[in-house]
Engineer: 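Could you have a look at this structure, given as structure tokens, before my questions?
Values below: every heavy atom of this structure, side chains too, minus hydrogens, waters and symmetry copies.
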Amino acid sequence: TVNMAAVWQQILAQDARYNAYRLPGSPQFRTQYIRRRSQLLRENAKIDHDPLIRKQYLKVRGQILGQRYGTSLSEQGSQRSRSASKCSSRLNLDRESFDSQVGYGRGHRRYHSSGSGKFALPSPTEDGLVPTRAAEASRAMVGDKTLSENYAFAGMHHIFDQHSQAVMAVQFANDDKARLACCSLDGTLSVCQVIPEPATVLCVLKGHTSGVTDFSWSLSNDLIVSCSLDGTVRLWQVATGTCLRVVGDCDGAEIMACAFQPVNNNMIVTGNKKGFVHVLNFSTGKYVKGGSSKASGSVLTTTFDSGGKTLWIGDENGCVYSFAFDVGTGKLSRAQRLVVCEGHPITCISARSWMSREARDPSLLINCGANALCLYRKSRSQPSSPLVNRLQEYASRVSGVEGSLQLKRKFPIKQRNLRIRSGFCPLMSFRQGACVVSGSEDMCVYFFDVERASKPVVNKLQGHSAPVIDVSFNYDESLLASADSEGMVIVWKREQRS
């Protein structure tokens, strides 16, 4: 059954690569074709067939498709061709037009492969949690499987196509494996239920007058905050689909990123195209005095640590900034700056206190528009005398700075033109290795083992016919959602092994 599922996925990926050539002027037909093809292959995969026959079918079908469309696409060549020519035609998401819609430029480039800066990173033990081989509950959850086994997928659970333009963000609700939300450049957000089957769209949130660039679930999942190119932030009640409040950007700029403060959900952080980050109190509808700062360019991403005490933002010029966040007042202070890759946009930042029993250092995962997914970790300070340690601890409390970040790994993905996003796999794993997942402009979803020295790719999902912009796991990793630049969201189902 596992071999059948693998061959089935290869067949569907082959169809997806050629999908650009089927009626180029009718994207809705292409979406319907892939959806129906997925259904038929899923049903057929349940029937036992000789794997050799399936593989021969895959080979013959590739030859037929090559003859039919006058081209023979290798896996890599087809992705490059599709990315370069077809996928952006409908949405105008190529370099020039995407800059005008979502707003970041290239600028001067000078790659900093080993840059580091001071950051206030969460301590691995601030919540009293330390990874250990004896943690039976977590071990039971992930099982005694290799990373490759744990992130093997049986295929597509469902395909959503309610959005007509690029889906800029997709995210499962907090500690919820059933509800999924996404936002799109068509100006809407949608909330979906993926289990139990059949999956369905619960509601579509309408109100923004231009493309929606980002959103965030509240801690209790009853609210969603969204931001848009129309220069507004909106607060939505999920149960009713009602917009509770609309607040305009205080600089009159397009808003590129937003996030709930994880401890105090009355506070919202926004980043705009003019390079400002602001803290907004949604209870009063007013921006917080002392809650603003300036980056070197458009702010494209924002994220907090789990305790809400540190805020990170990334801008279009390749810089990451950290801020100490006062949870009570919303004031920002002690900004530090890290140049990841000068002139290349930072499109996503994810923070994690620790990832696995082998990777116990606080880490940042950063997408950079230079074909790179970068993993930074807090450097370990050398042991010193008790007096020096006490002085360093005091200095950290006063300044908010606890260690420095150093580049540990750089994973190759295709990212030059789009706001590609990534994330840590949600289970803090006690198995060997640790995994991260990212979208890519070559229409694939990549899984990387951050502890593997060579060949870090443990899985690659193929099925999209356009660049994959964002990815999101539900909390138990049973489902993965991926969204692309043509508005399609695929929910993948993880292979269940006994």
Engineer: Applying salt bridge (charged side-chain N to carboxylate O under 4.0 Å, His left out) as the test, list every pair that has at least one member in residues 362-375; sequence neighbours left out.
Structural biologist: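 Output for this query is empty, none listed.
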
Engineer: Looking at residues at least two apart in the chain, or sitting in another chain, which of them share a ring pair (Phe, Tyr, Trp, His ring centres under 6.0 Å) with Phe172?
Structural biologist: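 Scan of Phe172 (ring pair (Phe, Tyr, Trp, His ring centres under 6.0 Å), adjacent residues dropped) gives none.
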
Engineer: For Thr242, give me all partners under side-chain hydrogen bond (donor to acceptor under 3.5 Å, both in side chains), at least two apart in sequence or on another chain.
Structural biologist: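 Counting only residues at least two positions away or on another chain, Thr242 forms a side-chain hydrogen bond (donor to acceptor under 3.5 Å, both in side chains) with Thr240.
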
Engineer: Considering only residues two or more places apart or on different chains, which pairs with a residue in residues 163-189 satisfy salt bridge (charged side-chain N to carboxylate O under 4.0 Å, His left out)?
Structural biologist: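 Of all non-adjacent pairs touching residues 163-189, those that pass salt bridge (charged side-chain N to carboxylate O under 4.0 Å, His left out) are Asp176-Arg179, Lys177-Asp476.
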
Engineer: So, Ser210 side chain and Leu229 main chain: donor-acceptor pair closer than 3.5 Å or not?
Structural biologist: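 Side chain of Ser210 to backbone of Leu229, a donor-acceptor pair under 3.5 Å: no, none is there.
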
Engineer: Any side-chain donor paired with an acceptor under 3.5 Å for Thr347 and Gln415?
Structural biologist: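 Gln415 and Thr347 do have a side-chain donor-acceptor pair below 3.5 Å.
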
Engineer: Exactly one of Ile346, Leu300, Val299 should register a side chain to side chain contact (heavy atoms under 4.5 Å, CB included) with Glu316. Which one does?
Structural biologist: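 It is Leu300; the other options fail the test.
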
Engineer: Residues two or more places apart in sequence or in another chain: which of them pass side-chain contact (heavy atoms from CB on, under 4.5 Å) with Ser216?
Structural biologist: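 If we apply the side-chain contact (heavy atoms from CB on, under 4.5 Å) test to Ser216, skipping adjacent residues, the hits are Val225, Phe260.
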
Engineer: Which pair of heavy atoms, one from Ser482 and one from Trp492, lies closest together, and at what distance?
Structural biologist: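 Closest pair (atom of Ser482, atom of Trp492, distance): OG-NE1, 2.8 Å.
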
Engineer: Can you tell me how far apart OG (Ser363) and CG (Leu375) are? Round to the nearest 0.5 Å.
Structural biologist: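 These two atoms lie 5.0 Å from each other.
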
Engineer: Check this for me, if you would: do Glu254 and Lys273 make a salt bridge, where the nitrogen-to-carboxylate-oxygen distance has to be below 4.0 angstrom?
Structural biologist: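 Salt bridge: yes.
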
Engineer: Check side-chain contact (heavy atoms from CB on, under 4.5 Å) between Val263 and all other residues, then give those that pass, not counting sequence neighbours.
Structural biologist: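 Applying side-chain contact (heavy atoms from CB on, under 4.5 Å) to Val263 gives Gln261, Val327.
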
Engineer: Going by the rule side-chain hydrogen bond (donor to acceptor under 3.5 Å, both in side chains), which residues pair with Asp249 if we only count those two or more places apart in sequence or in a different chain?
Structural biologist: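 side-chain hydrogen bond (donor to acceptor under 3.5 Å, both in side chains) list for Asp249, sorted by chain: Asn272.
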
Engineer: side-chain contact (heavy atoms from CB on, under 4.5 Å) with Ala257: which residues, sequence neighbours excluded?
Structural biologist: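 Ala257 satisfies side-chain contact (heavy atoms from CB on, under 4.5 Å) with Asp214, Thr302 once adjacent residues are dropped.
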
Engineer: Salt bridge check: are Arg494 and Glu477 linked by an N-O gap of less than 4.0 Å?
Structural biologist: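 Looking at Arg494 and Glu477, the cut-off is met.
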
Engineer: Can you name the residues that form a ring pair (Phe, Tyr, Trp, His ring centres under 6.0 Å) with Phe411, not counting sequence neighbours?
Structural biologist: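 Result, ring pair (Phe, Tyr, Trp, His ring centres under 6.0 Å) vs Phe411: Phe448.
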
Engineer: Holding to ring pair (Phe, Tyr, Trp, His ring centres under 6.0 Å), I want the full list of residues that pass it with His208, two or more places apart in sequence or in another chain.
Structural biologist: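 Counting only residues at least two positions away or on another chain, His208 forms no ring pair (Phe, Tyr, Trp, His ring centres under 6.0 Å).
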
Engineer: Salt bridge between Glu451 and Arg377, side-chain N to carboxylate O under 4.0 Å?
Structural biologist: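 Salt bridge flag = yes for Arg377 with Glu451.
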
Engineer: Could you tell me whether a side-chain N or O of Arg416 sits under 3.5 Å from a main-chain N or O of Glu441, the two making a donor and an acceptor?
Structural biologist: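 No, Arg416 side chain to Glu441 backbone: no donor-acceptor pair under 3.5 Å.
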
Engineer: Applying side-chain hydrogen bond (donor to acceptor under 3.5 Å, both in side chains), name anything that partners Thr301, two or more places apart in sequence or on another chain.
Structural biologist: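 Applying side-chain hydrogen bond (donor to acceptor under 3.5 Å, both in side chains) to Thr301 gives none.
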
Engineer: Indicate yes or no for a side-chain donor-acceptor contact from Asp470 to the backbone of Val170 under 3.5 Å, with no hydrogens or angles considered.
Structural biologist: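 Between the backbone of Val170 and the side chain of Asp470 there is a qualifying donor-acceptor contact (under 3.5 Å).
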
Engineer: Testing the 3.5 Å rule here: is there a donor-acceptor pair between the side chains of Gln162 and Ser190?
Structural biologist: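 Note: Gln162 and Ser190 side chains meet the donor-acceptor criterion.
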
Engineer: How many angstroms lie between CZ in Phe447 and NZ in Lys460, if you round to the nearest 0.5 Å?
Structural biologist: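 The distance works out to 12.5 Å.
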
Engineer: State which residues pass side-chain contact (heavy atoms from CB on, under 4.5 Å) with Ser283; sequence neighbours excluded, sorted by chain then number.
Structural biologist: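 side-chain contact (heavy atoms from CB on, under 4.5 Å) list for Ser283, sorted by chain: Asn266, Asn281.
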
